[in-house]
Amino acid sequence: MSNAAEEILTIFVISDSAGETATKLAQATMAQYPTVEFNLFRKTFMSDKAILLKALKEAKKLNAMILYTMINEELVQLIRDFCQESDLFGFDVLTAPVLEIEKRSGVAPTREPGALHHLNKNYFKRIEAMEFAVKYDDGKDPRGFLEADVVLLGVSRTSKTPLSLFLANKNLKVANLPLVPQAHIPKQLWEVDKKKIVGLTNDPNVLNGIRKERMIAYGLNPDTAYSDIDKIRAELEFANDLYEKLGCVVINVASLSIEETASMIMNALDLEDHSYYTTEND
């Protein structure tokens, strides 16, 4: 068992499009094994039999696991047969749910590769949301608070900007404001529905470490006012007092990933991810 644990496990993601769906599945699986070393290969936009077969032969040499998202039935069968003949693990991510929907709806699938990534109205809404996040990042223009779906507040290094962009990728317009004690709070903030506001906080010691690392990354002395633990506590206290006055949702990001925090925000504000579907006709 110990010898097996020391081996590098290889996963091939094979797709007729960008391969994002199967890649996310692979990454979620690998995350369950932090002590195991993985190699992940992405073979994307596979529409030619000869090129696909070449990729499969590479996978066979490495005894790889294969996760695939193919919509062309002939290519799906080619992968399935190859895996069976080569005794390789192959997992077909799309076929089962596609066939189940066809069975329940009576509607045949389009069998179009990359259909998820159409440049439809939803796509352009997502681009608009990302432009909004950049425009109203770091409180550049407080008027954006009144147009936003979500307003993020937090002291420095509570992931406001990455969260804004992550949520923008889900078609949500997000503005954020950095909080500094004694700094002016824009009047527009008090006009925003509290159900749209999220206060981000962190543990003082965690924030202290993050800020020191940032200073080191810039080639500066890590022990500055920016990373001083007492000043960090004062900043967090100021922020928490503001959150209490606003009556907004508060999330401690100390042990959370961007994805986890975003999910908590969407649940708390009762928001849906509309980034991959639309009820409008395209």
Side-chain angles (χ1 to χ4, degrees), residues 20-21 24-25 27-28 31 97 101 104-105 116-118 120-179 185-203 206 236 238-282:
E20 291 178 18
T21 303
K24 285 178 180 176
L25 176 59
Q27 290 169 338
I101 289 173
R104 294 186 182 206
S105 68
L116 178 63
H117 305 292
H118 275 172
N120 56 20
K121 289 180 183 178
N122 239 14
Y123 173 84
F124 291 108
K125 283 180 185 176
R126 187 153 69 252
I127 296 301
E128 183 183 348
M130 296 183 81
E131 289 173 344
F132 185 96
V134 172
K135 183 176 181 179
Y136 297 111
D137 185 42
D138 277 343
K140 289 173 188 169
D141 185 349
R143 290 173 297 181
F145 298 157
L146 302 176
E147 299 176 42
D149 299 311
V150 182
V151 176
L152 300 178
L153 309 177
V155 303
S156 177
R157 311 316 293 170
T158 47
S159 304
K160 296 182 299 298
T161 297
L163 269 170
S164 295
L165 292 169
F166 189 89
L167 290 167
N169 202 40
K170 298 182 179 298
N171 289 18
L172 294 170
K173 291 183 177 179
V174 186
N176 72 69
L177 176 69
L179 299 179
I185 301 298
K187 65 176 184 177
Q188 289 89 346
L189 184 61
W190 303 100
E191 299 171 23
V192 178
D193 183 347
K194 68 178 183 181
K195 293 177 183 175
K196 292 185 176 184
I197 303 174
V198 176
L200 303 173
T201 189
N202 207 325
D203 295 341
V206 172
L236 291 172
F238 169 79
N240 288 327
D241 286 346
L242 177 62
Y243 301 158
E244 194 171 334
K245 289 174 186 174
L246 289 167
C248 65
V249 169
V250 179
I251 297 176
N252 189 323
V253 301
S255 60
L256 299 175
S257 66
I258 296 295
E259 293 84 354
E260 289 169 325
T261 306
S263 181
M264 290 178 71
I265 289 171
M266 294 178 74
N267 286 336
L269 303 190
D270 198 24
L271 296 168
E272 292 184 20
D273 179 358
H274 289 286
S275 55
Y276 295 115
Y277 66 92
T278 178
T279 56
E280 302 174 54
N281 292 326
D282 295 326

(message) Please evaluate residues Leu246 and Leu242 with respect to the criterion side-chain contact (heavy atoms from CB on, under 4.5 Å), reporting the C-alpha separation (whole Å), side-chain torsions for both, the decisive distance (0.1 Å), and the verdict.
(response) CA-CA 6 Å; Leu246 289 167; Leu242 177 62; 3.8 Å; yes

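- Between Pro142 and Gly139, the shortest heavy-atom contact is CD-O, 4.1 Å.
- For the pair Asn202 and Arg157, the minimum side-chain heavy-atom distance is 4.5 Å or more.
- The two atoms that bring Leu177 and Phe145 nearest to each other are CB-CZ, 3.8 Å, heavy atoms only.
- In this structure, CG on Asn240 lies 12.0 Å from NZ on Lys245, to the nearest 0.5 angstrom.
- When every heavy atom of Leu179 is checked against every heavy atom of Ala239, the shortest pair comes out as CD1-CB, 3.8 Å.
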(request) Any chance you could lay out the side-chain contact (heavy atoms from CB on, under 4.5 Å) test for Leu152 and Val174, step after step, and finish with the verdict? (result) CA-CA 7 Å; Leu152 300 178; Val174 186; 3.9 Å; yes

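- Leu165 has its side chain out of reach of Asp137: every pair of non-hydrogen atoms, C-beta onward, lies at least 4.5 Å apart.
- Here the SG-CG distance, from Cys248 to Leu189, works out to 8.5 Å after rounding to the nearest 0.5 Å.
- Within the 3.5 Å criterion, the main-chain N or O of Glu260 finds a donor-acceptor partner in the side chain of Ser257.
- In plain terms, the two heavy atoms of Leu153 and Tyr243 that are nearest each other are O-OH, 3.2 Å.
- One distance of note links CG of Leu236 with OG1 of Thr158; it measures 8.5 Å at 0.5 Å rounding.
- Nearest heavy-atom pair, Phe132 versus Ala175, reported as atom, atom and distance to 0.1 Å: CE2-N, 4.1 Å.
- Rounded to the nearest 0.5 Å, atoms CZ (Arg143) and NZ (Lys135) are 7.5 Å apart.
- Looking at Glu272 and Lys170, no side-chain N of the basic residue comes within less than 4.0 Å of a carboxylate O on the acidic one, giving no salt bridge.
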(request) Decide salt bridge (Lys or Arg N to Asp or Glu O under 4.0 Å) for Asp138 and Lys140; before the verdict, give the C-alpha distance in whole Å, the side-chain angles of both, and the deciding distance to 0.1 Å. (result) CA-CA 6 Å; Asp138 277 343; Lys140 289 173 188 169; over 6 Å; no

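- Sorted by first then second residue, the side-chain hydrogen bond (donor to acceptor under 3.5 Å, both in side chains) pairs that include residues 190-199, not counting sequence neighbours, number zero.
- Side-chain polar atoms of Ser164 and Asn176 form a donor-acceptor pair below 3.5 angstrom.
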(request) Determine, step by step, whether Lys173 and Leu167 satisfy the side-chain contact (heavy atoms from CB on, under 4.5 Å) criterion, reporting the C-alpha distance in whole Å, the side-chain angles of both residues, the deciding distance to 0.1 Å, and the verdict. (result) CA-CA 8 Å; Lys173 291 183 177 179; Leu167 290 167; over 6 Å; no

(request) Go through the steps to decide whether Leu200 and Val155 satisfy the test side-chain contact (heavy atoms from CB on, under 4.5 Å), and finish with yes or no. (result) CA-CA 8 Å; Leu200 303 173; Val155 303; over 6 Å; no

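- The heavy-atom pair separating Ala262 from Phe166 by the smallest distance is CB-CD2, 3.5 Å.
- Under the 4.5 Å side-chain criterion, counting only non-hydrogen atoms from C-beta, Ile251 is in contact with Thr261.
- In this structure, CG on Leu172 lies 11.5 Å from CG on Leu163, to the nearest 0.5 angstrom.
- Here the side chains of Leu269 and Val198 are in contact, with some heavy-atom distance below 4.5 Å.
- Using a 4.5 Å cut-off on side-chain heavy atoms (C-beta onward), Glu128 and Asn171 make no contact.
- Thr201 and Asn252 form no side-chain donor-acceptor contact under 3.5 Å, judged by distance and modelled atom types alone.
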